[in-house]
Amino acid sequence: MEQYVIKGGTPLKGEVEISGAKNAALAILAAAIMTDETVTVTNLPDVRDINVLLQSIEGIGAIVKRESRNSVKINGGTIRSVTVDYEYIKKIRASYYLLGALLGRFNEAEVALPGGCDIGTRPIDQHIKGFKALGAEVVIEHGMIKTKAEHLVGSHIYMDVVSVGATINIMLAAALAEGSTIIENAAKEPHVVDVANMLNSMGANIKGAGTDVIRIKGVEKLHKTEYSVIPDQIEAGTFMFAAAATNGNVLVKNVIPKHLEAITAKLLEIGCTIEEYDDAVRVIGTRDLRSTQVKTLPYPGYPTDMQPQIAVTLAISKGTSIVTESIFENRFKYVAELARMGANIKVEGNTAIIDGVEQLTGAEISAPDLRAGAALVIAALTAKGFTTIDDIVYIQRGYENFEGKLTSLGACIEKVTSEKEIQKFKLKVG
Ligand code: UD1
């Protein structure tokens, strides 16, 4: 089992290049199979979730050619099955995008029920509601979601909750439906816009992505495109908090600063200095981090995927902070791990009350999920002494070469597989 071993206490300094957005790329890869022509996707992050999705796309007969670490060519002309039951697909949340993509193209799809991070119950009723509104039947049987339509017909759909996944899934299916679809109360996240842009570059007719109302005029067919995925807002935010928490000075490159505004606002509130450039932001930390209050909300609010990272930073900021999680009900599992490092956090319902401490101390901990795992790495980078983190497979699902990028910023971190390697690391860094 791979683990991280980390010696804390070094301020992060230097420049880091952000990869393509995992959550955008997952939907974009699903969209790529909606034509029988070849689609090229660049700025693709080389992370586990992406590789699993590519394997399952290959598994239904598409031709997948990895041109380089960050670019792939996909040809869906050879797809011979609409059933995706690949063993690993259940592990990734975004497997459900294959439902929308296959339903749109073939009027039929069967996909193993999605898993993903255990951060709550994560219902898919809004996806199902959308498919049904487009004229499809949907049943869940033997762990599979099965959906089928005579033909898809555009519809007026009001989303009961703001859901990124359901918005994108309906957009995928409706792109090839007959007539117009209107999605009201749509999610506005940057990756919703990116997927709409990508589909439009394939010949779709989607307007309003990035607002509450998305209008889709179905087209006959989609065609080839070459598309570059937007930078990963959450990876960027994670490095920004890593810089802040370690009292560092980091230029985070290849980002869209507009997408980071909610994160930047909080960093300013707690006392950091931020410099914004066209496609980069510099975060300069301070010894005197201050407390704040934050509530996770759909975009443009503060992202739930950045909740553990700010909580870890507030755990070493002066005063009492309040973090409220309003999107997922089970997103504080990392608090028990942080407590073992000396943090003073009380969770009541969906709220964490954090009393900042002077410094955390290294401990043996585990990553409970993807973003919490990354946040615990930040905690370890600030802590006195050594920390080992188990279950880093979660982190690898969504962060490309995390340890490599952190090392380039001066962090003392190594991926290890045995106690012997941990001892060797400790001897090396002293
Ligand atoms: C996506 C992201 C995830 C991020 C989340 C919120 C991917 C692969 N994952 O997840 O990293 O944390 O957006 O920004 O892109 N809900 C329902 N019914 C549904 C769908 C959702 O009630 O049918 C609820 C969820 O339980 C949650 C809220 O809506 O409370 C938002 O979920 P949603 O935006 O759908 O999250 P995901 O698309 O699963």
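Whatever order the structure lists them in is the order used to number ligands and atoms, beginning at 1.
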Below 4.0 angstrom from a heavy atom of [X], which ligand 1 atoms are there? Numbered from 1 as shown, please.
X: T304; result: 6 (C), 12 (O), 14 (O)
X: H127; result: 23 (O)
X: Y96; result: 37 (P), 38 (O), 39 (O)
X: N23; result: 2 (C), 3 (C), 7 (C), 8 (C), 9 (N), 11 (O), 15 (O)
X: D305; result: 3 (C), 4 (C), 11 (O), 12 (O)
X: R331; result: 12 (O)

Contact check: [X] vs ligand 1, nitrogen or oxygen atoms, below 3.5 angstrom:
X: S163; value: yes
X: K22; value: no
X: G165; value: yes
X: V164; value: yes

Can you give the donor-acceptor pairs under 3.5 Å from side chains of residues 204-212 to other protein atoms, not counting sequence neighbours?
from: T211; atom 1: OG1; to: G208; atom 2: O; distance (Å): 2.7
from: T211; atom 1: OG1; to: V213; atom 2: N; distance (Å): 3.2
from: T211; atom 1: OG1; to: V213; atom 2: O; distance (Å): 3.0
from: D212; atom 1: OD1; to: K188; atom 2: NZ; distance (Å): 3.0

Can you name the nearest heavy-atom pair linking K405 to S408, along with the distance?
-> O-OG, 2.7 Å
For ligand 1, the portion of V162 having any non-hydrogen atom under 4.0 Å away | backbone
Backbone, side chain, both or neither: what part of Y299 comes under 4.0 angstrom of ligand 1, heavy atoms only?
-> neither
With sequence neighbours left out, write down each residue that passes ring pair (Phe, Tyr, Trp, His ring centres under 6.0 Å) with Y96, or none if nothing qualifies.
-> H127
Measuring from the heavy atoms of [X], does anything fall under 4.0 Å of ligand 1?
X: L370; value: no
X: P123; value: yes
X: M159; value: no

Decide if the gap between the ring center of F402 and the ring center of F239 is smaller than 6.0 angstrom.
-> yes
Any chance CD of E276 has more than 12 other-residue heavy atoms, nucleotides or ligands included, within less than 6.0 Å?
-> yes
Is the NZ atom of K146 crowded by more than 12 outside heavy atoms at less than 6.0 Å?
-> yes
Heavy atoms only: which of V161, N169, V195 is nearest to atom 24 (C) of ligand 1?
-> V161
Is a side-chain donor or acceptor of R331 paired with a backbone partner of N350 at a separation under 3.5 angstrom?
-> no
Measure from the side-chain N and O atoms of N43 to the backbone N and O of V229, and report whether any donor-acceptor pair falls under 3.5 Å.
-> yes
Please name the residue in the list N70, L29, I50, L54 that meets the side chain to side chain contact (heavy atoms under 4.5 Å, CB included) test with V41.
-> L29
Within a strict 4.5 Å, meaning less than it, do heavy atoms of the K415 and Q3 side chains meet?
-> no
